[in-house]
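To start, the structure under review is shown below, and the notes come after it.
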Amino acid sequence: MKAGVHMTDNLMDPSTTASQEVDHSVFNRAFEMPLFEFLEKPGNEYRLRRFGASMHGMSVAFSTGALLTGKSILRGRWDRWC
């Protein structure tokens with residue numbers, strides 16, 4: 001939620017609007033550090049495990065290259081609905 005408050009600032013700032021640099025992200029603006037650095041700080045062990053589990057879950061749920069091709073995002077599920 002904290003990063004969402006800084007979304008407008010990031011979009012209105014000409015130096016970060018179209019930037020793809022890690023240090024120009026909304027998360028970085030809110031917490032003054034990159035996401036992975038934040039997750040590795042002491043006290044964020046639960047967040048780091050949860051993030052890792054969510055990344056693994058997404059890799060299992062979505063087919064390889066689905067975002068690049070725009071085809072059948074959910075493995076085997078889309079064909080049944082269409």
Side-chain angles (χ1 to χ4, degrees):
M1 292 294 243
K2 182 177 179 180
V5 174
H6 295 276
M7 180 69 78
T8 305
D9 298 335
N10 235 45
L11 292 173
M12 299 301 285
D13 184 350
S15 67
T16 59
T17 298
S19 176
Q20 293 187 15
E21 296 295 321
V22 174
D23 58 340
H24 290 169
S25 71
V26 176
F27 186 92
N28 194 52
R29 185 182 289 257
F31 292 95
E32 298 178 353
M33 67 181 70
L35 172 65
F36 296 112
E37 199 173 302
F38 173 79
L39 290 173
E40 292 173 351
K41 289 183 73 101
N44 288 334
E45 293 83 8
Y46 175 71
R47 286 185 176 113
L48 181 60
R49 281 194 315 272
R50 189 175 61 192
F51 182 79
S54 67
M55 290 291 103
H56 175 72
M58 294 300 288
S59 72
V60 172
F62 290 93
S63 63
T64 307
L67 295 177
L68 299 175
T69 63
K71 294 181 181 176
S72 191
I73 293 177
L74 294 174
R75 290 184 182 165
R77 293 170 182 84
W78 184 255
D79 297 333
R80 284 183 270 161
W81 295 329
C82 293

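A donor-acceptor pair under 3.5 Å is formed between the side chain of Thr16 and the backbone N or O of Asn10.
Taking every heavy atom of both residues into account, His24 and Ser15 meet most closely at ND1-O, 3.6 Å. Contact detail for Asp23 and Asn28: the closest heavy-atom pair is O-ND2, 2.6 Å. The heavy-atom pair separating Ala30 from Ala3 by the smallest distance is CB-CA, 3.6 Å. Arg29 and Asp13 make their closest contact through NH2-OD2, 3.1 Å (heavy atoms, listed as atom of the first residue, atom of the second, distance).
The hydrophobic cluster containing Met12 does not contain Val26, counting ILVMFWY residues as joined when their side-chain heavy atoms lie under 4.5 angstrom apart, directly or transitively. Note on Phe51 and Phe27: same hydrophobic cluster, where clusters join Ile, Leu, Val, Met, Phe, Trp and Tyr whose side-chain heavy atoms are under 4.5 Å apart, directly or indirectly. Under the 4.5 Å side-chain heavy-atom criterion for ILVMFWY residues, a single connected hydrophobic cluster contains both Leu39 and Met33.
Around the CE atom of Met7, the shell of radius 6.0 Å holds no more than 12 heavy atoms that belong to other residues, nucleotides or ligands.
In this pair, Phe38 and Phe31 present their aromatic rings tilted. The plane angle is within the 30 to 60° band.
Taking CZ of Arg47 as the reference point, atom CZ of Arg49 lies at 12.0 Å (rounded to 0.5 Å).
Considering only heavy atoms from C-beta on, Pro34 stays 4.5 Å or farther from Phe36 through its side chain.
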